[in-house]
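Step one of this worksheet: look at the structure below.
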Amino acid sequence: MKINKITMITCAIITLFSGLAVFFCDNELIQSIFGGLFTGFIASLVISIIGYFHERNIILEKTDSNIKSLYINMMVLSKIIGNILPQIHKAASMEPLPFKNISRLSELSVGFSEKMDLGLFSPICKRGKLARIYSELIEFQQVLYNIKNISVNLQAQTMEFTIKSLELQNAQMRGIQPSPTEFEYIAELKNLINIRTAKLHEYVTGQALELEKIAKSFYGYKNRKCPWEMIKANLMVQVEDIV
């Protein structure tokens, strides 16, 4: 898309000046030279325009497909984290809780974002509406990396909690009484997991709303006949089915 854009601009400039030269110049030789330039570069201009909009449409379709999948994934992630929160306090082990699913869904969100090929989008007008939408999507991609990193760290802490809990249980079964410090560490770790899960839930829910704003702008530009509200209603049905 970027190569076609540069080619298109270059060919447009050369076509314009060679056309002016043919029109205003009286010398037949110069007219012949610039006439050849005009004919050649106007053909290249047409090809580059077709190529530019072809690549643009490919990227738009990839964004269309993956932004829907990303929204579903973000909403499912938010609901799963919300369902886990009340269970943490009374859990003797974190293993039964689906923290692995949180990590996998976070990684999946990054995958959907990368499949949009956001870096390949190269608008002619960088201040246009579509250019702003893609700029927001590129910024949002960093949010998804942050969520993925937080989820991975959180999963590691839950694994540590489970291991420490099992060690204490095994020690007690062998008649060894763990020290109060070990019990305090377990309690503090559970509290930390609870706090971080709550913060992650708040963060994911807030960012899902931000994604919704971007999606509304995207579909307002791409498909005015099918507004975001209609698309969202269908996506939320899929969210409920998954959860």
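Judged purely by atom type and a 3.5 angstrom limit, N66 uses its side chain to pair as donor or acceptor with the backbone of K62.
In this view, E107 satisfies the salt bridge (charged side-chain N to carboxylate O under 4.0 Å, His left out) rule with no residue, not counting sequence neighbours. The salt bridge (charged side-chain N to carboxylate O under 4.0 Å, His left out) test applied to K68 returns D64, not counting sequence neighbours.
Residue I138 is grouped with residue I124 when hydrophobic side chains (ILVMFWY) are merged at heavy-atom distances under 4.5 angstrom, including chains of intermediate members.
Among pairs with a residue in residues 125-183, those fulfilling ring pair (Phe, Tyr, Trp, His ring centres under 6.0 Å) read F121-Y134, at least two apart in sequence or across chains. Residue pairs meeting the ring pair (Phe, Tyr, Trp, His ring centres under 6.0 Å) criterion with at least one member in residues 57-93, sequence neighbours excluded, are Y71-W228.
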Going through the checks in order, is the salt bridge (Lys or Arg N to Asp or Glu O under 4.0 Å) test met by K213 and E210? CA-CA 5 Å; K213 292 177 185 177; E210 291 300 316; 3.4 Å; yes
Please test Q238 against L235 for side-chain contact (heavy atoms from CB on, under 4.5 Å), starting from the C-alpha separation and ending with a verdict. CA-CA 5 Å; Q238 297 180 54; L235 297 180; 4.0 Å; yes
Side-chain atoms of residues 14-23: list all donor-acceptor pairs with protein atoms under 3.5 Å, sequence neighbours left out, distances to 0.1 Å.
residue : atom : partner : partner atom : Å
T15     : OG1  : C11     : O            : 2.6
S18     : OG   : I14     : O            : 2.8
S18     : OG   : T15     : O            : 3.1

Side-chain donor-acceptor distances from residues 192-206 under 3.5 Å, at least two apart:
residue : atom : partner : partner atom : Å
R196    : NH1  : Q157    : OE1          : 3.4
T197    : OG1  : I193    : O            : 2.6
H201    : NE2  : S78     : O            : 3.3
T205    : OG1  : S78     : OG           : 2.7
T205    : OG1  : H201    : O            : 2.7

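The shortest side-chain heavy-atom distance between Q155 and K100 falls under the 4.5 Å cut-off. Using a 4.5 Å heavy-atom cutoff, the side chains of L120 and M1 are not in contact. Counting heavy atoms from C-beta on, the side chains of M94 and K190 come closer than 4.5 Å. Proximity of V143 to L211: side-chain heavy atoms (C-beta onward) are nowhere separated by under 4.5 Å. Looking at I102 and F99, their side chains come closer than 4.5 Å, going by heavy atoms from C-beta outward. L70 places a side-chain heavy atom less than 4.5 Å from the side chain of M116. Contact of the E188 side chain with the N191 side chain is not registered, since no non-hydrogen atoms from C-beta on lie closer than 4.5 Å.
Ion pairing of K79 with E240 is present here, as a side-chain N (NZ or NE/NH1/NH2) and a carboxylate O approach within less than 4.0 Å.
Dense packing is recorded around CD1 of I242, with more than 12 heavy atoms of other residues, nucleotides or ligands lying under 6.0 Å away. Heavy atoms of other residues, nucleotides or ligands lying less than 6.0 angstrom from NZ of K5 number more than 12. Other residues, nucleotides and ligands place more than 12 heavy atoms under 6.0 Å from the CE atom of M236. More than 12 heavy atoms of other residues, nucleotides or ligands sit less than 6.0 Å from atom CZ of F218.
Here S32 contributes atom OG and L37 contributes atom CG; the two are 10.0 Å apart, rounded to the nearest 0.5 Å.
Of all heavy-atom pairs spanning I133 and Y221, the tightest one is CD1-CB, 4.4 Å. A pairwise comparison of heavy atoms in I147 and S106 identifies CG2-OG, 3.6 Å as the closest pair. In terms of heavy-atom proximity, P98 sits nearest to I80 at CG-CG2, 4.3 Å. Between K129 and S217, the shortest heavy-atom contact is CE-O, 3.9 Å.
Judged by distance alone, the side chains of T7 and S48 never bring a donor and an acceptor atom under 3.5 Å apart. Neither side chain, E95 nor T162, offers a donor N or O lying under 3.5 Å from an acceptor on the other. A donor atom on one side chain and an acceptor atom on the other are found under 3.5 Å apart for Q142 and N146.
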